[in-house]
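One structure below.
Each ligand, and each atom within it, is numbered from 1 in the order the structure gives. In this chain, numbering begins with 1 at the start of the sequence shown.
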Amino acid sequence: MSVQSEREPIAVIGTGYVGLVTAAGFAELGNEVWCVDIDADKIARIQRGDIPIYEPGLRESLEANRERIHFSTELAPALEHARLLFVAVGTPPTYSGDADLSAVHAVVDAMPPSDRHALVMKSTVPVGTGESIKRTFAERGKGGFKYVSCPEFLKEGAALADFRAPDRVVVGDDGDWAGQAVVDLYAPLGAPLVRTDIASAEMVKLASNAFLATKISFINEIANVCEETGADVEEVARGMGLDARIGNQFLRAGIGFGGSCFPKDVSALKQLAGNTGYHFQLLTAVIDVNELQKRRVMSKLQKHLGSLVGRTVTLLGLAFKAQTDDMREASSLVLAARLQAAGATVRAFDPVAEIEARRLMPNVDFSDSALDALDGADAAVLVTEWPEFRELDWSDAAARMSGRLIIDGRNYLDPSAVVADGFSYEGIGRRPQGAA
Ligand SMILES: NC(=O)c1ccc[n+]([C@@H]2O[C@H](COP(=O)([O-])OP(=O)(O)OC[C@H]3O[C@@H](n4cnc5c(N)ncnc54)[C@H](O)[C@@H]3O)[C@@H](O)[C@H]2O)c1
């Protein structure tokens with residue numbers, strides 16, 4: 001690729017998880033990056049070097065490349081310096097389950113007429129959004145604005161690694177300069193490229209997330225049947241995952257998927273299908289299984305403790321998965337609310353998600369360490385697979401707790417080790433161990 005395109009300045013609109021990682025990743029490749037966000041507090045914090053999200057390596061990468069990354073609440077510098085404007089604003093679910101595109105529309109509305117610029121959509125949007133935005137541009141005399149779909153596949157917790165070595169780069173475009181410029185930008189990464197039309201690129205993203213969510217709900221149902229039949233889902237998943245046609249990823253039984261993407265993207269694809277008159281039955285089941293899975297911990301607790309009124313239950317981990325502080329759609333939110341509704345006192349510890357968790361879970365009693373959170377508890381529920389819970393001194397925990405029950409919502413602990421410390425252990429889809 002040419003030096004010119006290697007150093008093409010870009011803009012990133014929206015400095016959340018995707019926007020900041022995209023900015024850092026391209027700055028590492030040598031691109032000048034002009035970031036824009038409407039949240040003035042967030043921009044001020046980032047400018048002070050105070051990165052508002054927890055993502056391993058992100059702060060260091062932004063710091064190391066700070067001379068190439070500019071932050072502003074104004075669009076003008078971005079439009080002046082860059083022709084490719086990456087859009088990474090949120091597309092949360094609406095009450096109907098459709099994607100809320102108001103932030104995307106606000107970006108589209110803010111664009112001036114131009115023959116020099118292109119919107120590059122990183123935000124996850126319903127199929128047809130690109131065509132609709134192009135129509136809007138044409139109707140408003142901005143037909144010179146180009147449009148590229150470039151969906152994002154990063155995993156929170158490993159987002160920078162995913163930027164640097166993506167499984168694939170998907171570029172959906174109309175075959176003009178903008179699509180080629182995006183292809184050139186990603187070329188140094190050497191990733192397999194899927195260059196396609198805009199609608200197909202949009203669908204690759206939704207279908208990929210829906211497939212992964214389906215895999216999780218599938219293994220969760222297998223786990224539930226394992227519990228009824230005496231099989232161990234960990235053994236079953238290992239045996240299945242070695243089949244190259246199946247693969248071992250996303251074949252981990254647990255208390256259901258959460259996060260900012262799977263729940264909303266599965267629902268958005270289901271609604272998208274429904275809006276065209278097609279009933280996507282499989283995804284309806286995937287969502288139902290996931291909702292029920294989050295609640296299965298309740299029956300496990302009740303089996304051991306009877307009524308939960310007046311009991312103290314400690315949630316170990318609150319983020320929707322380890323290595324992130326993202327609390328969006330975290331299973332812990334449903335679990336804490338169910339426990340409180342059943343009369344239990346809920347205590348909790350998470351090594352990075354506490355600030356957001358405190359905002360979302362007002363009646364939960366937070367502690368500064370896992371051991372403190374377990375003090376006096378009747379039961380521990382492992383919700384997030386943070387490595388420090390595996391390394392915890394469980395014999396110390398046993399001495400501090402008033403009960404000796406662990407429900408392992410991620411099948412993360414070594415059952416024989418905690419049983420040796422005097423605990424009753426129950427995972428998901430595994431035989432319970434230890435004293436009944
Ligand atoms: N988080 C992930 O793991 C992930 C992975 C792949 C794709 N995605 C998709 O990427 C998109 C962004 O996700 P996120 O998690 O980074 O969201 P986020 O909520 O962390 O960040 C969105 C940012 O956009 C800003 N914003 C909103 N409206 C704006 C506007 N008009 N102009 C400028 N900035 C504006 C917000 O202030 C916020 O900082 C979503 O569509 C999401 O589905 C997310």
Query raised in the report: Under 3.5 Å, is there a donor-acceptor pair between the side chain of Ser299 and the main chain of Arg296?
Result: yes
**Report entry** Under 3.5 Å: donor-acceptor pair, side chain of Asp197, backbone of Ser200
**Finding:**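 Yes, Asp197 side chain to Ser200 backbone: donor-acceptor pair under 3.5 Å.
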Against heavy atoms of [X], which atoms of ligand 1 measure under 4.0 Å?
{"X": "Lys264", "value": "42 (C), 43 (O)"}
{"X": "Ala103", "value": "28 (N), 31 (N)"}
{"X": "Cys261", "value": "2 (C), 3 (O), 4 (C), 5 (C), 8 (N), 44 (C)"}
{"X": "Asp39", "value": "37 (O)"}
{"X": "Glu152", "value": "6 (C), 7 (C)"}
{"X": "Ser260", "value": "1 (N), 2 (C)"}

Query raised in the report: Pick one: which of Thr196, Val120, Val194, Val148 meets side-chain contact (heavy atoms from CB on, under 4.5 Å) with Val171?
Result: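 Among Thr196, Val120, Val194, Val148, the one that satisfies the side-chain contact (heavy atoms from CB on, under 4.5 Å) with Val171 is Val148.
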Report task. From the options Glu329, Met298, Lys294, select the one residue that forms a side-chain contact (heavy atoms from CB on, under 4.5 Å) with Val334. Result ->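 The passing option is Lys294.
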So which heavy atom in the protein is nearest [atom], and how far is it from that ligand atom?
{"atom": "atom 13 (O) of ligand 1", "answer": "Val18 CG2, 4.0 Å"}
{"atom": "atom 26 (N) of ligand 1", "answer": "Val89 CG1, 3.7 Å"}
{"atom": "atom 21 (O) of ligand 1", "answer": "Gly16 CA, 3.2 Å"}
{"atom": "atom 15 (O) of ligand 1", "answer": "Arg328 NH2, 2.9 Å"}
{"atom": "atom 2 (C) of ligand 1", "answer": "Glu156 OE2, 3.4 Å"}
{"atom": "atom 41 (O) of ligand 1", "answer": "Thr91 OG1, 2.6 Å"}
{"atom": "atom 28 (N) of ligand 1", "answer": "Ile38 CD1, 3.4 Å"}

Query raised in the report: Can a cation-pi geometry be assigned to Arg390 and Tyr412, taking NZ or CZ under 6.0 Å from the six-membered ring centre and within 45° of the ring axis?
Result: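 Cation-pi check for Arg390 and Tyr412: passes.
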Report task. Using the six-membered ring of Phe320, assess whether NZ or CZ of Arg328 lies under 6.0 Å from its centre and within 45 degrees of the ring axis. Result ->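 Ring-cation test returns no.
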Report task. Examine ligand 1 and decide if any of its atoms is less than 4.0 Å from a heavy atom belonging to Lys155. Result -> no
Report task. May I ask you to identify, for Leu154, whether its side chain, its backbone, both or neither come under 4.0 Å of ligand 1 on a heavy-atom basis? Result -> both
Requested in this report: Between Ala88 and ligand 1, find which residue part has any heavy-atom pair under 4.0 Å and reply side chain, backbone, both or neither.
Outcome: backbone
Report task. Ignoring hydrogens and angles, state whether a donor on the side chain of Lys264 or Thr91 is under 3.5 Å from an acceptor on the partner side chain. Result ->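 Their side chains do contain a donor-acceptor pair, which is all the 3.5 Å distance test asks for.
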Requested in this report: Please work out which of the three classes, parallel, tilted or perpendicular, describes the rings of Phe389 and Phe349, given edges at 30° and 60°.
Outcome: perpendicular
Query raised in the report: Can you say whether the rings of Phe26 and Phe163 are parallel (under 30°), tilted (30 to 60°) or perpendicular (over 60°)?
Result: perpendicular
Query - Heavy-atom closest contact (Ala210 atom, Leu283 atom, distance) - result: CB-CD2, 3.9 Å
**Report entry** Minimum non-hydrogen distance to atom 25 (C) of ligand 1, winning option of Asp37, Thr124, Asp265
**Finding:** Asp37
